[in-house]
Amino acid sequence: MLMSKETATRHDWSVAEIESIYTAPLLDLVYRAQTVHRAHHPPNEVQGCVLLNVKSGGCPEDCAYCPQSAHYSTGVDRYDLMSVDDALEAARRAQAQGATRFCMGAAWRDAAEGEQFSRVLQMVRGVRALGMEACCTLGMLTQAQADALADAGCSAYNHNLDTSPEYYGDIITTRTYGDRLDTLGHVRDAGIHVCCGGIVGMGESSEDRAGLIATLASLPVHPESVPINALVRVEGTPLDAATPIDPLEFVRTIAVARITMPKSVVRLSAGREEMSDETQALAFLAGANSIFYGPRLLTTPNPAAERDRALMARLGLTPTIS
């Protein structure tokens, strides 16, 4: 793979510079992103992941997009942390579907302590024993919890920044941006890969999207995984009437993430159920190289496996084997 100034890894991106890239002519932007992508990744491989909601609803946070928040009435099922056996059975199904990463999410503000956290550690060990990557998203972590997850074999920890520092207070008031960055620091210090991205289509400006990417791309080590989510509007949440993001603006966000974080896996995450095949194809061309399989992402719809297989075949994409 050829390396050049264009494809080199940097950590000094400014918001203004990223915004100028974001607003470039679309064909030039996508071409640049694809050039960077091919310098660092197999061009036609896409990693498959599955995300399981191991504990649903009742979260005390007030994230304006989230149907699991206790602040809103959305009809989402609430259930306590599932058993280790049930989680591992779901992991085996995911593996049979072709997923190489199994992610477990719990609707907690702070990761639970005691027996529940011990149960999560058992889940992590079980997933790794299957030969899969194990990812968790459990809310905020202490350093001791991050270290324990690392000892159990946790491959990655997801903790999104969601949006720019400037727009963050319009979306969440119960947790600060600094709180999120602290957890990312604990994860990194524990030696676990960081999975961190955001959500677009929440009423933010293009400058806010650039601000989110600038924050991620300015971290001392880029996140190994960068999920880019399109808001899934859920009735009962404050954002249920938000205007959907223009598909080409979504593609621009993917492209800028790829250009500024060239070695990261850019995950085409929530919102795919409402995307056309053409939008997803453009997102892959712009540098996305991972999707989530399965009918749901936590509590929101996701494309059926048959649709994903058909799309991958039409585009000539192959799943990452390991």
Side-chain angles (χ1 to χ4, degrees), residues 8-15 18 36 40-41 47 49 51 54 61 63 100-106 108-113 117-118 120-121 123-125 127-128 132-165 168 172 175-199 210-229 256-267 269 287-290 292 322:
T9 300
R10 292 173 46 191
H11 300 267
D12 59 350
W13 296 93
S14 69
V15 174
I18 291 175
V36 172
H40 295 278
H41 304 272
Q47 184 188 40
C49 312
L51 175 58
V54 296
E61 301 276 27
C63 307
T100 59
R101 173 177 286 204
F102 189 69
C103 306
M104 294 162 281
W108 288 322
R109 181 179 189 273
D110 305 89
E113 297 281 4
F117 190 68
S118 295
V120 171
L121 296 178
M123 294 177 187
V124 170
R125 295 187 189 101
V127 170
R128 293 309 306 272
M132 303 179 75
E133 296 178 10
C135 175
C136 291
T137 178
L138 313 169
M140 291 186 287
L141 293 178
T142 65
Q143 189 62 61
Q145 288 173 322
D147 292 341
L149 284 167
D151 289 343
C154 186
S155 310
Y157 194 84
N158 169 257
H159 200 64
N160 290 334
L161 293 178
D162 290 343
T163 189
S164 69
Y168 183 82
I172 305 159
R175 185 192 317 185
T176 70
Y177 216 73
D179 290 335
R180 291 183 182 267
L181 291 170
D182 286 346
T183 286
L184 295 181
H186 296 328
V187 171
R188 182 65 71 196
D189 289 345
I192 300 172
H193 283 182
V194 170
C195 177
C196 184
I199 306 170
L212 166 67
I213 300 298
T215 303
L216 294 169
S218 297
L219 292 172
V221 179
H222 290 162
E224 283 78 8
S225 302
V226 181
I228 304 296
N229 300 273
V256 172
R258 168 52 66 223
I259 290 166
T260 57
M261 293 171 280
K263 296 180 181 180
S264 301
V265 172
V266 177
R267 301 193 186 280
S269 300
N289 56 343
S290 178
F292 285 92
S322 61

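Of all the heavy atoms in Leu212 and Gly198, the pair that sits closest is CD2-CA, 3.8 Å. Taking both residues in full, the closest heavy atoms of Val127 and Ala134 are given as CG1-CB, 3.7 Å, listed atom of the first, atom of the second, then distance. Summarising the geometry of Leu138 relative to Tyr157, their closest heavy-atom pair is N-OH, 2.9 Å, with the distance given to 0.1 Å. In terms of heavy-atom proximity, Arg258 sits nearest to Val36 at O-CG1, 3.6 Å. Closest non-hydrogen pair, Cys154 versus Ala156, comes out as SG-O, 3.2 Å. Closest approach of Ser269 and Pro227 over heavy atoms only: OG-CB, 3.3 Å.
In this structure, Leu184 CG and Met140 CE are separated by 12.0 Å, a value rounded to the nearest 0.5 Å. In this structure, Cys135 SG and Phe102 CZ are separated by 10.5 Å, a value rounded to the nearest 0.5 Å. Atoms CG and CG, on Leu161 and Leu181 in that order, are 5.5 Å from each other to the nearest 0.5 Å. How far CD of Glu133 is from SG of Cys195: 10.5 Å, rounded to the nearest 0.5 Å. Distance check: Ser264 OG to His41 NE2 gives 7.0 Å after rounding to the nearest 0.5 Å. Within the model, atoms CD1 of Ile172 and CG of Asp179 stand 10.5 Å from one another, a figure rounded to the nearest 0.5 Å.
Proximity of a side-chain donor or acceptor of Asn160 to a complementary backbone N or O of Gly197 within less than 3.5 Å is detected. Remark: side-chain polar atoms of Gln145 are paired, donor with acceptor, to backbone N or O of Ala111 under 3.5 angstrom. A distance-only check finds no donor-acceptor pair linking the side chain of Asn289 to the backbone of Val265 [under 3.5 Å].
By the 30° and 60° cut-offs, the orientation of the rings of Tyr177 relative to Tyr168 is perpendicular.
By the 4.5 Å heavy-atom criterion applied to side chains, Val124 and Leu149 are counted as neighbours. Proximity of Cys103 to Asn158: side-chain heavy atoms (C-beta onward) are nowhere separated by under 4.5 Å. With a 4.5 Å cut-off on side-chain heavy atoms, Met261 and Val266 do not count as touching. Contact check for His193 versus Ser225: no side-chain heavy atoms found under the 4.5 Å cut-off. Looking only at side-chain heavy atoms (C-beta outward), Pro262 and Arg10 stay at 4.5 Å or farther from each other. His159 is not listed as a side-chain neighbour of Cys196, based on a closest heavy-atom distance of 4.5 Å or more.
The salt bridge (Lys or Arg N to Asp or Glu O under 4.0 Å) search around Glu113 returns none, not counting sequence neighbours. Taking Arg125 as the reference, Leu121, Gln122, Ala152 meet the side-chain contact (heavy atoms from CB on, under 4.5 Å) condition, with sequence neighbours excluded. Considering only residues two or more places apart in sequence or on other chains, Ala146 meets the side-chain contact (heavy atoms from CB on, under 4.5 Å) condition with Leu141, Gln143, His186, Ala190.
The one candidate from Arg267, Arg188, Lys263 that meets the salt bridge (charged side-chain N to carboxylate O under 4.0 Å, His left out) condition with Glu224 is Arg188. Paired with Cys136 under the rule side-chain contact (heavy atoms from CB on, under 4.5 Å), one option of Val54, Val187, Val120 passes, and it is Val120.
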